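This structure is a prediction, so every number in the text was calculated from the model and none was measured. Order of listing sets the numbers, starting from 1, for every ligand and every atom in it.
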Amino acid sequence: MQSTKDCFVFALLSFIVGINSQLCHSATPYERCSANSACGCFPVIDAQNTGACAFLWKSCSQLVPCGPSQECSQPDHICVHHRRCSNSPVCYPMSMVNENICPPISNGTNETTTIIPPDTTTKRVQFKRWKQNATTVAGGHGQGDEFNQLDHPEGISIDQNKNIFIADTLNHRIMKWKPNETEGTIVADRSGEENRAEEVRHPNVIILGQNNSPIIADWGGKRVIQWFNQTHQEILIENIACSGLAIDKYGFLYASDSRQNQSWRGDQLNQLNGPTNIFVDDEQSVYITDSSNHRVMKWRKDANEGVIVAGGNREGKNRNQLDYPRGLFVDDYGQVYVADCNNRRVMRWKEGAKVGEIVVGGNGYGSQSNQFFNPMDLSFDSEGNLYVADTFNHRVQKFDLISQ
Ligand SMILES: *[C@@H]1O[C@H](CO)[C@@H](O)[C@H](O)[C@H]1NC(C)=O
Ligand SMILES: *[C@@H]1O[C@H](CO)[C@@H](O)[C@H](O)[C@H]1NC(C)=O
Ligand SMILES: *[C@@H]1O[C@H](CO)[C@@H](O)[C@H](O)[C@H]1NC(C)=O
Ligand SMILES: *[C@@H]1O[C@H](CO)[C@@H](O)[C@H](O)[C@H]1NC(C)=O
Ligand SMILES: *[C@@H]1O[C@H](CO)[C@@H](O)[C@H](O)[C@H]1NC(C)=O
Ligand SMILES: *[C@@H]1O[C@H](CO)[C@@H](O)[C@H](O)[C@H]1NC(C)=O
């Protein structure tokens, strides 16, 4: 049995070499193996410490599982581990394992290129960029409770019309700022009105439900409330310490609860330590900022453990680290955008990457237009402009998109 297997692996490896493509000798999936930053190492099934250097961004939906004896029935495919796409091995097309697409890292230089193969079934990786200097679109007039002020805003959401909804946390209110307005209006606040059943205290997360009605994590009241209008509110969840809310495409609501059962708390892949913000993608994978573990986790639907998709190297300010990450967003290409709170920056981690890139900020703490003081949430409008809740500066910053 063993020799059959060895023989099979040998055949596979000869196949790879035979078509003039590269092997990579790394046990670490997706490790850099080419001058093309869009390539990485895929461990070949049953070949110890040997992988195929291939283009990383082939669409998961185009890949079929390997057969029962780890074979691929389609011609010119090899069976590889690709846990970003599937827990069981998948067949990867040899056309993506190719020196033209993934040229070797040449000796004297550390030049990086980005080559996207001309293959329509390949997911296009986006390289969006934003202006590094923001404009203040809400608050920015110091800490306070006037209509043009905010007090430690921790959560934001933008609707289709670019209205900004803000969890104005220490003012115990939800504000709505229309675009280009110098003042906001109160959507929800602490009670005081006789005919109102509900109130919000220390709201820290806001997302938009049906008809843009805010769904609010009411941290002080330990519950989640949907706020239709001043006379109609509904309590959706009670007895929860929630700092993260999301709705998936089927309308299911997801909420994080930081008062975990002790046995779930820790830094193993099936544990969390201070889960805060969450995001749910179209495949119902849940992304969680595991704040006190300084990492972002991805849990596929029905998985019994997560994978680290950003950080996970203790707190610090290197590009492979985060420091109390908070708000997050994941785009259609699996790239994670995260408010790296204590590092005063927004980072982007490509799917499978070991380091992130600084998107905006990272210029120390302060109140210049390219600085933050503990940013805790982020959101995008329909045109791709980036909004950041610059919490300790009591303002919301907008960064204009400059390239797709
Ligand atoms: C790169 O470096 C290795 C070891 O230093 C050497 O054997 C090889 O010939 C070099 N390749 C090129 C293309 O210069
Ligand atoms: C590699 O890149 C760094 C900065 O990115 C640069 O300072 C260094 O000179 C480069 N090394 C070579 C050999 O090109
Ligand atoms: C806001 O102002 C900018 C420029 O000042 C303008 O381009 C934009 O159309 C305005 N938006 C709205 C919704 O009025
Ligand atoms: C408040 O919302 C409820 C449910 O959406 C609706 O029936 C009611 O008419 C609304 N009231 C006002 C004053 O808008
Ligand atoms: C915590 O989880 C363990 C194992 O699932 C369970 O036995 C225990 O009852 C839980 N405790 C609480 C307080 O929920
Ligand atoms: C961005 O802001 C910084 C800090 O205020 C300033 O030094 C720099 O000139 C600004 N850049 C642009 C392009 O406005």
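Atoms of ligand 4 found under 4.0 Å from any heavy atom of Thr231 (numbered from 1 in listed order, with element): 11 (N). Near Asn229, with a cut-off below 4.0 Å to any heavy atom, the atoms of ligand 4 are 1 (C), 2 (O), 3 (C), 8 (C), 10 (C), 11 (N), 12 (C), 14 (O).
Of all protein heavy atoms, the one lying nearest to atom 3 (C) of ligand 4 is His232 ND1, 3.2 Å. The protein heavy atom nearest to atom 5 (O) of ligand 6 is Gln368 OE1, 2.7 Å. Nearest to atom 6 (C) of ligand 6 among the protein's heavy atoms is Asn133 ND2, 4.2 Å.
For atom 9 (O) of ligand 6, the nearest protein heavy atom lies 4.0 Å or farther away. Put simply, atom 14 (O) of ligand 4 has protein non-hydrogen atoms near it, under 4.0 Å away.
Comment: Glu283 does not engage Lys301 in a salt bridge, judged by the lack of any side-chain N to carboxylate O separation of less than 4.0 angstrom.
With sequence neighbours excluded, the residues forming a side chain to side chain contact (heavy atoms under 4.5 Å, CB included) with Leu170 are Asp151, His152, His202, listed by chain and number. Residues meeting the side chain to side chain contact (heavy atoms under 4.5 Å, CB included) test with Pro89, sequence neighbours left out: Ile45, Cys66, Gln70, Cys79, His81.
In this structure, the side chains of Asn148 and Thr182 stay at 4.5 Å or more apart for every pair of heavy atoms.
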With side chain to side chain donor-acceptor pair (under 3.5 Å) as the test, would you mind laying out the steps for Gln397 and Thr136 before giving the verdict?
-> CA-CA 5 Å; Gln397 299 290 83; Thr136 299; 2.6 Å; yes

Between Cys102 and Cys39, does a disulfide bond (SG atoms under 2.5 Å apart) hold up when you go through it step by step?
-> CA-CA 6 Å; Cys102 301; Cys39 295; 2.1 Å; yes

